[in-house]
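One-based numbering, in listed order, for ligands and for the atoms of each. Predicted, not measured: the structure shown is a model, and the values here were computed from it.
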Amino acid sequence: MRLHGDVSDDEEEGAVMDPALLSPSSPPAGAAAAAASRLVVGYALTKKKVKSFLQPKLLLLARKKGISFISIDETHPLSEQGPFDIILHKKTSKEWQRFLEDYHEVHPEVTVLDPPNAIEHLNNRQSMLEEVADLNLSSFYEEVCTPRQLVIMKDPSSIPTAVAMAGLTLPLVAKPLVVDGTSKSHELSLAYDEASLPMLDPPLVLQEFVNHGGILFKVYIIGEAIQVVRRFSLPDVNTYDLLNNVGIYRLPRVSCAAASADHADLDPRIAELPPRPLLEKLGRELRGRLGLRLFNIDMIRELGANDRYYIIDINYFPGVSSLLHYPRLAWLGHE
Ligand SMILES: Nc1ncnc2c1ncn2[C@@H]1O[C@H](COP(=O)(O)OP(=O)(O)OP(=O)(O)O)[C@@H](O)[C@H]1O
Ligand SMILES: O=P(O)(O)O[C@H]1[C@H](O)[C@@H](O)[C@H](OP(=O)(O)O)[C@@H](OP(=O)(O)O)[C@H]1O
Ligand SMILES: [Mg+2]
Ligand SMILES: [Mg+2]
């Protein structure tokens, strides 16, 4: 991967959070920071996201670039706040959407990252993967697809018949249909046998499990920059597992930031990153089709079919903290 710009040693450790840059509840400090900045980013994010995103290291790099971050008060009109150059958010409520539209009419020069309706598209595990089916990657040797999946809206007793009619092969990964930033929307389970399927709790998506050597690629699309990392994932399922496991297995939060596999001693065939040109094309196509500039794609490579990739998840404004450990941060414009 070709990125520019090293972070010097003094930036690596011990960065101290500058309260003036965060200042959610202190307008004067925020205003002072903004006045000294070349670029002011207003953010409307949950407390959890603020904590994971606005880390000292990011704030320090941003400050060096003349970028300041100011918390937006979502209960007040945007035009009474700011001025902003960029609005960063992960919200899709109708009320917020109206706030942004009104603000855009008066301030068309302000960049909103990203349009709420485009973000909303990723808040549903069915619609999030729709664009993948239409991708035009015919000039590539590799194939990029999605696992076969089925949406169950209600009536758990109908699931075995629905699965049989759709011709889905067990085991199936059961995922809550809606992804709304709650931990519940990340509670996944693995269903091994048909008889247990009525124990699942719709609305959900049932997705065929794809063996992939236990490694997942997280591809971050940040504007035009692309960064890919390896994460540990679920182990492969073999015939023995299938014959001997019954029931629904609640899955832990696999492939989270703590599950980095970038420095693990892996079989090189499993560890090999997807080809760079493929990722670049994928990033370009999805950026355009989704109308988003800040998201990541979870990709796995099918075991035994080294040229077939599956996209299993797309996340808007994912955690970027793991990227901050990388010495080169082109996506921050750090040079
Ligand atoms: N179809 C699949 N085949 C194999 N493994 C899968 C499949 N779907 C999900 N997984 C595994 O389960 C993990 C969680 O699934 P997924 O990424 O869909 O959930 P999520 O809660 O949206 O995750 P994130 O934290 O990335 O938002 C994946 O990282 C991968 O390890
Ligand atoms: O950095 P990756 O591994 O991609 O993980 C992210 C998930 O993909 C996101 O879905 C999480 O955001 P939400 O908690 O808003 O769903 C996001 O939550 P966070 O950034 O608020 O911690 C991350 O957990
Ligand atoms: Mg995921
Ligand atoms: Mg997700």
* Asked: Quick one: CD on Gln149 to CD on Gln207, what's the gap to the nearest 0.5 Å?
  ->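 Gln149 atom CD to Gln207 atom CD measures 5.0 Å (nearest 0.5 Å).
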
* Asked: What distance do Arg301 atom CZ and Leu303 atom CG have between them, rounded to the nearest 0.5 Å?
  ->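 CG of Leu303 is found 10.0 Å from CZ of Arg301.
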
Of the backbone atoms (N, CA, C, O) and the side-chain heavy atoms from C-beta on, which set of [X] has a member under 4.0 Å from an atom of ligand 1: side chain, backbone, both, or neither?
X      : value
His186 : both
Leu216 : side chain
Leu188 : side chain

Give a yes or no answer on whether the side chain of [X] reaches the backbone of [Y] with a donor-acceptor pair at less than 3.5 Å.
X      : Y      : value
Gln81  : Asp73  : yes
Arg148 : Gly167 : yes
Asp241 : Val237 : no

* Can you name the residues that form a side-chain contact (heavy atoms from CB on, under 4.5 Å) with Lys184, not counting sequence neighbours? ->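 Listed in chain order: Thr182, Glu187.
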
* Results of salt bridge (charged side-chain N to carboxylate O under 4.0 Å, His left out) for Arg287 - residues two or more places apart only ->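 Once residues adjacent in sequence are excluded, Arg287 has no partner under the salt bridge (charged side-chain N to carboxylate O under 4.0 Å, His left out) criterion.
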
Heavy-atom contacts with [X] under 4.0 Å: which atoms of ligand 1 show up? List them by number with element.
X      : value
Val254 : 12 (O), 13 (C), 31 (O)
Gln207 : 1 (N), 2 (C), 7 (C), 8 (N)
Ser233 : 30 (C), 31 (O)
Lys175 : 8 (N), 9 (C), 16 (P), 18 (O)
Arg253 : 24 (P), 25 (O)
Arg125 : 18 (O), 19 (O), 20 (P), 21 (O), 22 (O)
Lys218 : 26 (O)

* Asked: Of Ile312, Leu129, Leu251, which has the heavy atom at the shortest distance from atom 10 (N) of ligand 1?
  ->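 It is Ile312 that holds the nearest heavy atom.
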
* With respect to atom 29 (O) of ligand 1, which of Gly319, Gly181, Ser255 exhibits the smallest heavy-atom separation? ->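 Minimum heavy-atom distance to atom 29 (O) of ligand 1 goes to Ser255.
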
Below 3.5 angstrom, do we get any N/O pair linking [X] and ligand 1?
X      : result
His212 : no
Asp298 : yes
Val210 : yes

* To do: State yes or no: do Leu170 and Ile300 share one hydrophobic cluster built from I, L, V, M, F, W and Y residues joined by side-chain heavy-atom distances below 4.5 Å, directly or via other members?
  =>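 They do not share one cluster, since no chain of ILVMFWY contacts under 4.5 Å joins Leu170 to Ile300.
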
* To do: Using only heavy-atom distances, determine whether the side chains of His212 and Ser233 contain a donor-acceptor pair under 3.5 Å.
  =>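 Side-chain D/A pair, His212 to Ser233: present.
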
* Check whether any heavy atom of Glu208 sits under 4.0 Å from an atom of ligand 1. =>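 A heavy atom of Glu208 does come that close to ligand 1.
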
* To do: Check if Arg231 has a non-hydrogen atom at a distance under 4.0 Å from any atom of ligand 1.
  =>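 No.
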
* To do: Could you check Asn238 against Asp236 for side-chain hydrogen bond (donor to acceptor under 3.5 Å, both in side chains), going step by step and ending with a plain yes or no?
  => CA-CA 6 Å; Asn238 57 32; Asp236 296 329; over 6 Å; no

* Atom of Asp313 nearest the Mg ion (ligand 4) (restricted to N/O/S, atom name only) ->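 Restricting Asp313 to its N, O and S atoms, the minimum distance to the Mg ion (ligand 4) goes to OD2.
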
* Residue Asp298 atom name (nearest to the Mg ion (ligand 3); N/O/S) ->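 Looking at Asp298, the N, O or S atom with the least distance to the Mg ion (ligand 3) is OD2.
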
* To do: Would you confirm whether the ring centroid of Tyr220 sits within less than 6.0 angstrom of the ring centroid of Phe295?
  =>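 Aromatic pair excluded; centres sit 6.0 Å or further apart.
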
* Asked: Can you say whether the rings of Phe99 and Trp96 are parallel (under 30°), tilted (30 to 60°) or perpendicular (over 60°)?
  ->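 Judged by the thresholds at 30° and 60°, the geometry between Phe99 and Trp96 is perpendicular.
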
